[in-house]
Amino acid sequence: MDNLSLTPQPRARRPRPKVVTLTDRAAERVREIMAKAERPYAGLRVGVKNGGCAGQEYVLEYAEAADPLDEVVEDKGVTILVEPKAVLFLIGTEIDYEVTKLSAKFVFRNPNETDACGCGESVTIEPARDI
């Protein structure tokens, strides 16, 4: 009985899934863009902002440094910094890079999207419920 401890032991945390992932094409394109940038950046910042006819738009931009509350994701050699307010909207999202005869663009495959506008520039996203 001397070996019993009434102090609760901390449990190991389960691994958290990545908020976003990149396809091989998207990772390659991000690495190319970052290599050609005017100066070194900490990573690619991904977020969501209000706008467009469907209500929200995805945002991609260079990040000079990680903000303290950013969700940091490392995927295929790319550092992705997810804005804190966007995390619940982006859980499970895959970012791809598509090239067609008329355009070349990053495409978000987001399981949390509920609607999109006809032009493809804005979306309606519900926060993830099953985490």
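This one's a predicted model, so the numbers in the text were calculated from it and none came from an experiment. All heavy atoms count here, side chains included; hydrogens, waters and symmetry mates do not.
Listed for the Lys76 side chain is no donor-acceptor partner under 3.5 Å among the backbone atoms of Glu28. Side chain of Asp96 to backbone of Leu22: no donor-acceptor contact under 3.5 angstrom is found.
In the hydrophobic clustering of this structure, Tyr41 groups with Leu60; members are Ile, Leu, Val, Met, Phe, Trp, Tyr whose side-chain heavy atoms approach within less than 4.5 Å, directly or through other members. Taken together through direct or relayed side-chain contacts under 4.5 Å among Ile, Leu, Val, Met, Phe, Trp and Tyr, Val82 and Val72 form parts of separate hydrophobic clusters. Hydrophobic cluster membership is shared by Val73 and Phe108, with clusters built from Ile, Leu, Val, Met, Phe, Trp and Tyr side chains linked at under 4.5 angstrom. By the criterion of side-chain heavy atoms lying less than 4.5 angstrom apart, applied directly or through intervening Ile, Leu, Val, Met, Phe, Trp or Tyr residues, Val48 is grouped together with Val87 in one hydrophobic cluster. Note on Ile95: it clusters hydrophobically with Leu88, by side-chain heavy-atom contacts below 4.5 Å among ILVMFWY residues.
Every pair tested for ring pair (Phe, Tyr, Trp, His ring centres under 6.0 Å) that includes a residue from residues 15-37 fails, sequence neighbours excluded, so the list is empty. Evaluation of the side chain to side chain donor-acceptor pair (under 3.5 Å) test over residues 61-70, restricted to residues two or more places apart or in two chains, returns Arg39-Glu64, Arg45-Asp70.
Val20 pairs with exactly one of Ile91, Thr93, Asn110 by the side-chain contact (heavy atoms from CB on, under 4.5 Å) rule, that one being Thr93.
Within the model, atoms CG of Leu44 and CG of Asp75 stand 11.5 Å from one another, a figure rounded to the nearest 0.5 Å. Separation of atoms CG (Asn112) and CD (Gln56) is listed at 10.5 Å; rounding is to 0.5 Å. Atom CD of Glu57 is separated from atom CG of Asn50 by 9.0 Å, given to the nearest 0.5 angstrom.
Checked against salt bridge (Lys or Arg N to Asp or Glu O under 4.0 Å), Glu71 has the following partners two or more places apart in sequence or in another chain: Arg16. Here Thr21 pairs with nothing under the side chain to side chain donor-acceptor pair (under 3.5 Å) rule; sequence neighbours left out. Residues passing the salt bridge (Lys or Arg N to Asp or Glu O under 4.0 Å) test with Glu98, sequence neighbours excluded: Arg109. Considering only residues two or more places apart in sequence or on other chains, Tyr97 meets the side chain to side chain donor-acceptor pair (under 3.5 Å) condition with Arg29.
Annotation: side chain of Met34 is not in contact with side chain of Arg31 (no heavy-atom distance under 4.5 Å). Residues Val59 and Val46 are not in side-chain contact: their nearest non-hydrogen atoms beyond the backbone lie 4.5 Å or more apart.
The two residues Gly47 and Ala86 make their nearest non-hydrogen contact at CA-CB, 3.9 Å. Nearest heavy-atom pair, Gly92 versus Pro111, reported as atom, atom and distance to 0.1 Å: O-CD, 3.4 Å.
Heavy-atom neighbours of Lys49 NZ from other residues, nucleotides or ligands within 6.0 Å: at or below the threshold of 12.
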